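From a predicted model like this one, the values you see are computed outputs, not experimental measurements. All chains are named by letter (A, B, ...) in the order of the sequence lines, taking the proteins before the strands, and each is independently numbered beginning at 1.
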Amino acid sequence: MANTMARSFLQVAAAEEVAPPLRVVQIEGLVMLKIIKHCKEFSPALVTGQLLGLDVGSVLEVTNCFPFPIQEEDEEIEADGANYQLEMMRCLREVNVDNNTVGWYQSTMLGCFQTAELIETFLNYQENIRRCVCIIYDPSRSNQGALAFKALKLSDSFMDLYRSNNFTGEKLREKNLSWVDIFEEIPVKVSNSALISAFMTELEPDTPVTQRDYDRLQLSSSPFLERNMEFLIECMDDLSVEQQKFQFYYRSLTRQQAQQQSWLQKRRDENKARKAAGEEPLPEEDPSNPIFKPIPEPPRLESFLIANRIANYCNQINGVTGQSFSRLYLTKALHDN
Amino acid sequence: MPVVSGYNSSDCPIRYFQNPSSRSLLFESRSEEKKKKIRMAASDRTVLQFGPSSAATSNVTAKVHPLVIFNICDCYVRRPDQAERVIGTLLGSVLPDGTVDIRNSYVVPHNEFSDQVALDIEYHHTMLKSHLKVNPQEVIVGWFSTGLGVTGGSALIHEFYCREVPNPVHLTVDTGFRNGEGTVKAYVSVNLSLGDRQLAAQFQEIPLDLRMIEAERVGFDILKSTSVDKLPSDLEGMEVLMERLLTLINDIYKYVDDTVVSMIIFLFLFYSQIVLI
């Protein structure tokens with residue numbers, strides 16, 4: 001009598017779960033306010049915190065979060081940090097908050113968050129949680145009136161490559177992986193419970209123009225632009241250092257190859273002489289000779305990250321200048337009238 | 001969990017003390033909970049006392065950040081089935097001018113029976129410690145509960161919080177929208193004593209300032225609707241902003257026009273009166 005469409009429980013349990021790809025991150029208004037408050041309180045220091053929520057299909061819901069205390073560099077504080085986390089999770093469980101870690105958030109200063117530590121943290125989280133996301137909040141950009149929330153995750157291809165520790169140029173070309181493919185930005189959706197939206201609708205102030213609009217209307221954007229340019233110049237310096245490393249590598253590689261060729265030539269001449277004299281020819285390879293030792297290729301990860309940072313700064317500068325132009329045109333129109 | 005037993009206001013009806021001077025004192029406070037009446041001792045002429053002086057408490061104002069309201073609503077939605085309301089601790093600081101700045105909150109599990117209240121004190125202290133690790137400046141400034149008005153159980157809980165902090169602020173958030181709107185009110189308690197006998201705790205309402213600056217920063221459009229499909233980009237934000245400015249300028253323009261027109265009419269009538277005279 002069983003429906004042919006229904007599968008037995010065993011079959012369902014045995015079937016491989018194919019996880020749908022993550023398409024959108026749904027944040028609650030409460031989480032946004034908490035992150036903003038925490039990051040603003042401690043800015044310019046960089047702070048982090050944990051995200052809690054649910055993983056539902058292709059949507060990752062973030063329903064609550066809690067901040068991490070700022071840790072001084074000390075080994076014994078490591079255990080404290082873990083204890084704090086466990087205690088918070090236990091307490092939140094008691095009041096029916098989702099006890100499931102789905103990622104972490106961190107604040108950043110003008111968008112220089114693409115570092116090797118971020119990748120390391122991602123990999124750490126990925127070992128325990130199937131799907132995790134990192135939310136980056138930039139309080140300095142929010143002072144300009146934009147809401148600088150970004151949800152990031154590492155792309156799968158990059159993760160596989162990183163795990164296999166195989167970061168040479170050839171492998172990257174093989175997988176067609178360039179610096180754009182490291183981080184994937186996921187669109188963010190905001191949701192609120194009906195109760196809170198009722199409250200907010202009521203508590204909304206009467207003026208149509210809010211504080212955020214006033215922030216946006218600030219005519220002076222030069223401090224922001226200056227800092228962006230400063231960071232950009234630093235990044236260019238770092239990039240040139242990396243380029244020099246590569247140049248050095250290639251030069252030494254060619255030099256080594258030239259040395260190998262000359263040694264080989266000498267060997268061949270020697271062998272010819274020995275053949276003429278009737279002796280055994282010497283082998284054409286000599287692994288103990290230092291000129292045959294392969295030179296390690298410098299890792300490309302750092303240069304990829306620097307490229308990411310530069311792209312970010314350029315985008316930010318683009319955005320800010322676009323806005324400044326609109327503001328200036330607005331002021332001009334008002335003056336003309 | 002300590003179980004504090006106390007009286008329920010419906011148990012002992014009390015009449016107003018008829019001394020005219022004290023009656024004027026009673027009417028000075030603005031609280032609506034005026035059902036607490038005082039039993040008149042037979043021939044005593046003891047004076048009803050308010051203390052510590054109402055002058056000090058009437059200067060207290062409270063400022064609430066929007067995060068607190070969000071947190072309370074979220075906790076209310078997640079409350080266990082048998083609970084009618086949620087209570088919890090308020091964290092913040094006292095500003096130098098005496099205003100209480102309420103910045104954060106966390107809910108504390110509790111059980112309420114007909115005349116008894118049980119509060120999970122250990123949970124409260126654990127959460128407090130955890131929060132202090134992150135931000136040592138945020139200390140307890142009071143407690144909150146959902147629902148409208150102050151009940152007998154609240155008085156007991158308030159007593160507990162009085163032992164934690166000298167003058168706690170009690171915040172009520174009406175999630176039931178009983179008056180047709182979500183009322184958020186803050187109270188401080190004042191002790192009423194007759195002679196040296198503690199009689200009642202009177203909850204006086206204090207002015208409340210809902211500072212929505214952070215919510216404005218995020219944008220009310222995002223916080224108001226139940227779902228927003230994507231965060232607005234900078235350019236879209238500029239567009240909305242310009243529309244708003246336009247509305248504002250139009251309103252001001254109209255207002256000024258109307259004022260000018262009414263001034264003209266007024267002057268016209270004035271001069272016509274003078275001419276007639």
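With a 4.5 Å cut-off on side-chain heavy atoms, B:Asp74 and A:Ile196 do not count as touching. Residues B:Phe70 and A:Lys34 form no side-chain contact, since every pair of their non-hydrogen atoms from C-beta on lies 4.5 Å or further apart. Counting heavy atoms from C-beta on, the side chains of B:His65 and A:Lys37 never come closer than 4.5 Å. The side-chain heavy atoms of B:Leu245 and A:Leu330, taken from C-beta on, include a pair separated by under 4.5 Å. Within the 4.5 Å cutoff, the side chain of B:Tyr76 has heavy atoms near those of the A:Leu195 side chain. Within the 4.5 Å cutoff, side-chain heavy atoms of A:Val95 are placed close to those of B:Tyr123.
Only the side chain of A:Glu87 comes within less than 4.5 Å of a heavy atom of chain B; its backbone N, CA, C and O stay farther away. The contact between A:Glu28 and chain B is made entirely by side chain atoms (from C-beta outward), counting heavy-atom distances below 4.5 Å. Contacts of A:Pro67 with chain B are made by both backbone and side-chain atoms, with heavy-atom separations under 4.5 Å. The part of A:Leu334 that comes within reach of chain B is its side chain, from C-beta onward, which places non-hydrogen atoms under 4.5 angstrom from that chain. Only the side chain of A:Phe42 comes within less than 4.5 Å of a heavy atom of chain B; its backbone N, CA, C and O stay farther away. Both the backbone and the side chain of B:Ile69 come within contact range of chain A, with heavy atoms under 4.5 Å apart. Proximity to chain A is limited to the side chain of B:Ile249, based on heavy atoms less than 4.5 angstrom apart. Only the side chain of B:Val77 comes within less than 4.5 Å of a heavy atom in chain A; its backbone stays farther off. B:Val184 touches chain A through its side chain: at least one heavy atom from C-beta onward sits under 4.5 Å away, while N, CA, C and O do not.
Per-residue counts of heavy-atom pairs under 4.5 Å with chain A were compared for B:Glu138, B:Lys129, B:Gln137, B:Arg79; the largest is that of B:Glu138. Taking A:Thr63, A:Asn96, A:Asn192 one by one and counting their heavy-atom pairs under 4.5 Å with chain B, the maximum is reached by A:Asn192. By number of non-hydrogen pairs under 4.5 angstrom with chain B, the leading residue of A:Ser191, A:Pro187, A:Gly49, A:Gly319 is A:Ser191. Among the candidates A:Leu92, A:Val24, A:Asn64, A:Asp98, the residue making the largest number of heavy-atom pairs closer than 4.5 Å to chain B is A:Asp98. Contact count versus chain A (heavy atoms, under 4.5 Å) is highest, among B:Cys75, B:Ser130, B:Pro80, for B:Ser130.
The distance from atom CZ of A:Phe66 to atom CE of B:Met127, rounded to the nearest 0.5 Å, is 9.5 Å. A distance of 7.0 Å separates CZ of A:Phe199 from OG1 of B:Thr183, quoted to the nearest 0.5 Å.
Within a 6.0 Å radius of CG in A:Asp336, other residues, nucleotides and ligands contribute more than 12 heavy atoms.
Not one N or O on the side chain of B:Arg78 forms a donor-acceptor pair closer than 3.5 Å with the backbone of A:Val97.
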Start with the C-alpha gap between A:His38 and B:Asn135, add the side-chain angles, then the distance that decides, and say whether side chain to side chain contact (heavy atoms under 4.5 Å, CB included) holds.
CA-CA 9 Å; A:His38 184 218; B:Asn135 198 346; over 6 Å; no

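Between A:Ser326 and B:Met242, the closest heavy-atom pair is CB-CE, 4.0 Å. Taking every heavy atom of both residues into account, A:Cys91 and B:Thr126 meet most closely at SG-CG2, 4.1 Å.
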